[in-house]
Amino acid sequence: MYYAAYCLPDLVFAKLFIVPFSQDDHFIGREEILGELDVGGQQAAVIKHRRDALVGLGGVGKSQIAIEHAYRVRKHNPQTAVFWIHTSTKIRFEQAYQEIADRLELPGRDNPKVNVLRLVYNWLSSEANGQWLIILDNVDDGNVIFGGNDAVRGVSSHDQAADLQPPLETFLP
């Protein structure tokens, strides 16, 4: 997670909340975990960059906690962009970055010669774009993010030179 203090117009905020799930009005509990995430976000302004992980067996509620956290961030820090990235496969990660590029209307996003992963990375890396939170969901196979075992090899519709592409973690500031 990266936090910086900058203001963007209100119209932009609607484009900057990409969470494919509704908030659960009946969500209860997990306040300790959510509190740790919230406190960490406040500390991130000092350390400028931070990563958290919710780890556990499937079905224990990690995604529900992340959904609730995303909506709380939006409520308490509406200037913070929130991006949800389904990370079960390289293709799903690329699709999420393409959606981010489309929502942000990044120049070059439709050019097949442009690496959309790099384009979004550059936007995220610019302090002028303000605060943001990325949630990586379903990171069940570390090879998808960190490379290895053909996870980053193969050709995708967005990058014809995918064989030369570095691991996806390279595109997470």
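Remember, predicted model here, so these are calculated numbers, not experimental data.
- Atom-to-atom distance recorded for H69:NE2 and I33:CD1 is 12.0 Å, nearest 0.5 angstrom.
- Residues G108 and L119 share a closest heavy-atom pair of C-CD2, 4.1 Å.
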Run V82 and L16 through side-chain contact (heavy atoms from CB on, under 4.5 Å) and show every step you take. CA-CA 6 Å; V82 178; L16 301 180; over 6 Å; no

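- With contacts defined as side-chain heavy-atom distances shorter than 4.5 Å, the pair F171/N115 qualifies.
- Around CD of E31, the count of heavy atoms belonging to other residues, nucleotides or ligands within 6.0 Å exceeds 12.
- Each of F21, F27, F17 was evaluated against Y71; a single residue qualifies, F17, per the ring pair (Phe, Tyr, Trp, His ring centres under 6.0 Å) test.
- Note that CD1 of I145 is 11.0 Å distant from CG of D140, once rounded to the nearest 0.5 Å.
- N77 contributes no side-chain N or O that, together with a main-chain N or O of Q79, makes up a donor-acceptor pair within less than 3.5 Å.
- In this structure, I135 is not a member of the same hydrophobic cluster as V60, with clusters built from ILVMFWY side-chain heavy atoms closer than 4.5 Å.
- Residues L172 and R51 are in side-chain contact: their nearest non-hydrogen atoms beyond the backbone lie under 4.5 Å apart.
- Nearest approach of A70 to V19, heavy atoms of both residues: CB-CG2, 3.9 Å.
- Between the CD1 atom of I18 and the CH2 atom of W84 there is a distance of 12.5 Å, given to the nearest 0.5 Å.
- Looking at H86 and S88, their side chains come closer than 4.5 Å, going by heavy atoms from C-beta outward.
- No donor-acceptor pair closer than 3.5 Å links the side chain of T80 to the backbone N or O of P78.
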- Message: Show, in sequence, the C-alpha distance, side-chain angles and deciding distance for E68 and Q23, and conclude whether the side-chain contact (heavy atoms from CB on, under 4.5 Å) test is met.
- Response: CA-CA 6 Å; E68 181 66 20; Q23 187 173 19; 3.2 Å; yes

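- With hydrogens and angles left out, the side-chain atoms of S63 and D137 include a donor and acceptor closer than 3.5 Å.
- Here F93 pairs with Y97 under the ring-ring contact (aromatic ring centres under 6.0 Å, His included) rule; sequence neighbours left out.
- Looking at heavy atoms from C-beta onward, L37 lies out of side-chain contact with V73 at the 4.5 angstrom threshold.
- In this structure, CG on N122 lies 9.5 Å from CG on L106, to the nearest 0.5 angstrom.
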*Evaluate the side-chain contact (heavy atoms from CB on, under 4.5 Å) criterion for residues L124 and W132: first the C-alpha distance (whole Å), next the side-chain angles of each, then the deciding distance (0.1 Å), finally the verdict.*
CA-CA 8 Å; L124 293 169; W132 54 262; 3.7 Å; yes

Check your understanding: Taking it one step at a time, do E36 and E32 satisfy side-chain contact (heavy atoms from CB on, under 4.5 Å)?
Key -> CA-CA 6 Å; E36 289 178 30; E32 183 178 333; 3.7 Å; yes

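- Here Y121 pairs with nothing under the ring-ring contact (aromatic ring centres under 6.0 Å, His included) rule; sequence neighbours left out.
- Legend: residues meeting salt bridge (charged side-chain N to carboxylate O under 4.0 Å, His left out) with R118, ordered by chain and number and at least two apart, are absent.
- At least one donor-acceptor pair under 3.5 Å links the side chain of T170 to the backbone N or O of P167.
- From I65, atom CD1 reaches atom CG of D24 across 12.0 Å, with rounding to the nearest 0.5 Å.
- Counting heavy atoms from C-beta outward, T87 and D141 have side chains that stay 4.5 Å or more apart.
- Atom-to-atom distance recorded for I67:CD1 and K62:NZ is 12.0 Å, nearest 0.5 angstrom.
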